[in-house]
Protein chains: 2
Amino acid sequence: MSDKKGSYRQERANLMAVAKYAGVSAMTVSRVLNQPGKVAEATRKKVQAAVDALGYVPNLAANTLRRERSGVIVALVPTLENSVFSDTVQGISNALEQEGCQLLLGCSSYSPEREEKLVRALLGHRPDGIILTGTLHTAETHKLLESARIPVVEMWDIAADHIDMAVGFDNFAAGHDIASHMISCGYESLGYVATSPEHEIHENRAAKRSKGIYAAVAEAGIGMPARQNVRNPLDIADSGVIAADFVVANPGLDAIICANEIIGVGAIAELQNRGWQIPDQIAVCGIGDANIAALVTPGLTTVQFYGQDIGKRAAELILDRLNGQQAAEGKQDVGFRIVSRASTAEKPS
Amino acid sequence: MSDKKGSYRQERANLMAVAKYAGVSAMTVSRVLNQPGKVAEATRKKVQAAVDALGYVPNLAANTLRRERSGVIVALVPTLENSVFSDTVQGISNALEQEGCQLLLGCSSYSPEREEKLVRALLGHRPDGIILTGTLHTAETHKLLESARIPVVEMWDIAADHIDMAVGFDNFAAGHDIASHMISCGYESLGYVATSPEHEIHENRAAKRSKGIYAAVAEAGIGMPARQNVRNPLDIADSGVIAADFVVANPGLDAIICANEIIGVGAIAELQNRGWQIPDQIAVCGIGDANIAALVTPGLTTVQFYGQDIGKRAAELILDRLNGQQAAEGKQDVGFRIVSRASTAEKPS
DNA sequence: ATGAAAGCGCTAACAG
DNA sequence: CTGTTAGCGCTTTCAT
């Protein structure tokens, strides 16, 4: 007759079950959970006891349906294998937790098509905001985001035009400044070990950095760098061999700029294996998107990015917007930093 | 009169809107989306056109409410700053994408209390499954998981008793085997640079590895290792200094075992700074939870774990269960591997 | 301070 | 092959 006291295995309790157990209406239970101040102390206690007894966990799907707010924020990154992006996600996660929001995560594998698919699927959960990586999206993605009518943040690049808000830095400047740094160190016969043109099509941040490098070289009036592409820019050993072969094949070089830290670290290791002195015979620098530059010997000179900060700010931009604080700055530049380590030196001229 | 053609800015369309636009019932639209085979070709095309025209994105909150299935899997990891866990999440994400499931992610910061909070909040979204890290959970977490009635996977450790399914390896054995390896290399005056007893309380996987180390030493009948704890086991520089000080303070040591790779890498760097020859004057090994052992020179001997594989299998266990394939093995041991690098050597006795 | 009714968007179950 | 009805669990609105 009475399973009121839950003597046998209860089904997942809902509001109504809690209400019955406590002898009140569903609405009262809802109030206890959401606006405890509006309920009499005695009632509140009764209801709370019922909630505890039944192990009630509110169904947020129903909640989302009724209020038009899910408490969920979507974030899309290219990959988590790259530590700057996992740092970014950690930053987002931390910031969201403060506000009791949840993180729905997707990995686009550097593919705008996959990103589009993910956006479509994830938007179905009616997130309160969405954070994307980069500025390169399909036309359909743009449409989807527009009709979603939610705050959108694009991370990791500052462009002229953004869907909504943005947090990142000037990738062109990052490439430009590391090349300038090398030039000001006295290196004048530069090689560039890049990812690949195909990769740069889908990763226009890398493309912008490349352009920055070429621009700096052009400004300095030294010869354009020889360029070598690597096959798999996330494979240290493979990239290192390609970089070292490149150095061997171009005897005039005094320094190489590597498009990322994986390549840079690989190059240092492999060049040293082959007996090259770094930086005396060949200097090496990277562009920081892996946070491993400090681990090798000699340390890799690099451009340091602030992944976790980018994530934190991206989430904050969303949250501020949701809290009605129309962000003063919808576009935030977190900058970058040239970190000079022993893989480069001031070259006596 | 008619905004049928969406001449002005339409509100977010729902099933009914699509149905009206296409001149069919809501149910037919639903069928086109979910069981296209059951709808006449002509109707299907009409409806599809309406879906496209209105940019309709199904509301999954309603879906979740009605069917009792959300397509969402929850994963909880301690942190993403540690690359093994970001690899794990990547593995989960990849596996889920195959099946069109979405990933709701939380970071517990190694705190069972925070984990409990997250479990409670995330369970509200009615995930179809949940993946946790480790076997250490509050009593309340256990209750919550039990009443959720969904597949549960515990990752990164294989224990005698699991909530439901598990994928990981024997942490005791990992500690035991790396210590045995060192002993078999001929080192006999070992130091142990551990995290801290407080840390091990909440990270019982580390505690198990410690026990494994002590057990191996006891078996070998050599003296118990001197132990030094580090303050912040995720800070390379800080850990390195502490490890090096420890070596200096214990002149008899011929090798140190570091509780993780961060400490190991830091120790190598700092000891070299101070002029120590590795492994001749002091050998160093780590326990792999950061995947950075190969980057330093000399390479750090370590126990390699398979983070991405663990994540992949964890997700597959969930998915298999959801697809009704009662997994043959609810407990999967993915093992680990001792990787011997130049930070240790066969010691001539 | 509390309750009753209605409906958010969708699909299972049943017509036809 | 297509449509109607009802209801998933919750909160908004309006009464009391």
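A, B, ... follow the sequence lines: proteins, then strands. Residue 1 opens every chain. Fair warning: this is a prediction, and the values are worked out from it, not measured in the lab.
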Would you call [X] and [Y] a side-chain contact if the rule is heavy atoms closer than 4.5 Å?
{"X": "B:Gln102", "Y": "A:Leu118", "answer": "yes"}
{"X": "B:Leu132", "Y": "B:Val152", "answer": "yes"}
{"X": "B:Arg31", "Y": "B:Thr43", "answer": "no"}
{"X": "B:Leu80", "Y": "B:Leu105", "answer": "yes"}

Which pairs with one or both residues in residues 116-136 of chain A pass salt bridge (Lys or Arg N to Asp or Glu O under 4.0 Å), sequence neighbours excluded?
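Matches after skipping sequence neighbours: A:Arg69-A:Asp128, A:Glu116-A:Arg120, A:Arg120-A:Glu140.
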Phosphate OP1/OP2 of D:dC1 contacted by B:Thr28 side-chain N/O (<4.0 Å)
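Negative; the distance criterion is not met.
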Any A:Ser25 side-chain N or O less than 4.0 Å from OP1/OP2 of C:dT2
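Looking at the OP1 and OP2 atoms of C:dT2, neither is under 4.0 Å from any side-chain N or O of A:Ser25.
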Under 4.0 Å protein heavy-atom contacts per nucleotide of nucleotides 6-16 of chain D, with B for base, S for backbone only and - for none:
BBBBBBB----
D:dT2 P sits how many Å from B:Lys20 NZ, rounded?
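Atom NZ in B:Lys20 sits about 20 Å away from atom P in D:dT2.
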Mark yes when over 12 heavy atoms from residues, nucleotides or ligands other than A:Glu68 sit less than 6.0 Å from its CD; otherwise mark no.
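Incorrect, the count does not exceed 12.
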Using a cut-off of 4.0 Å on non-hydrogen atoms, how would the nucleic acid contact of A:Thr43 be classed: base, sugar-phosphate, or nothing?
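Sugar-phosphate, backbone atoms only, no base.
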For the helix from C:dA1-D:dT16 to C:dG16-D:dC1, what is the angle between the axes at its two ends, each from 5 pairs, rounded to 10°?
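The two end axes of the helix from C:dA1-D:dT16 to C:dG16-D:dC1 meet at 30°.
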Ionic contact status for A:Arg313 with A:Glu316, cut-off 4.0 Å:
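Salt bridge between A:Glu316 and A:Arg313, a charged N being under 4.0 Å from a carboxylate O: no.
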State the CZ-CG distance between A:Arg66 and B:Leu65, to the nearest 0.5 angstrom.
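That separation rounds to 12.5 Å.
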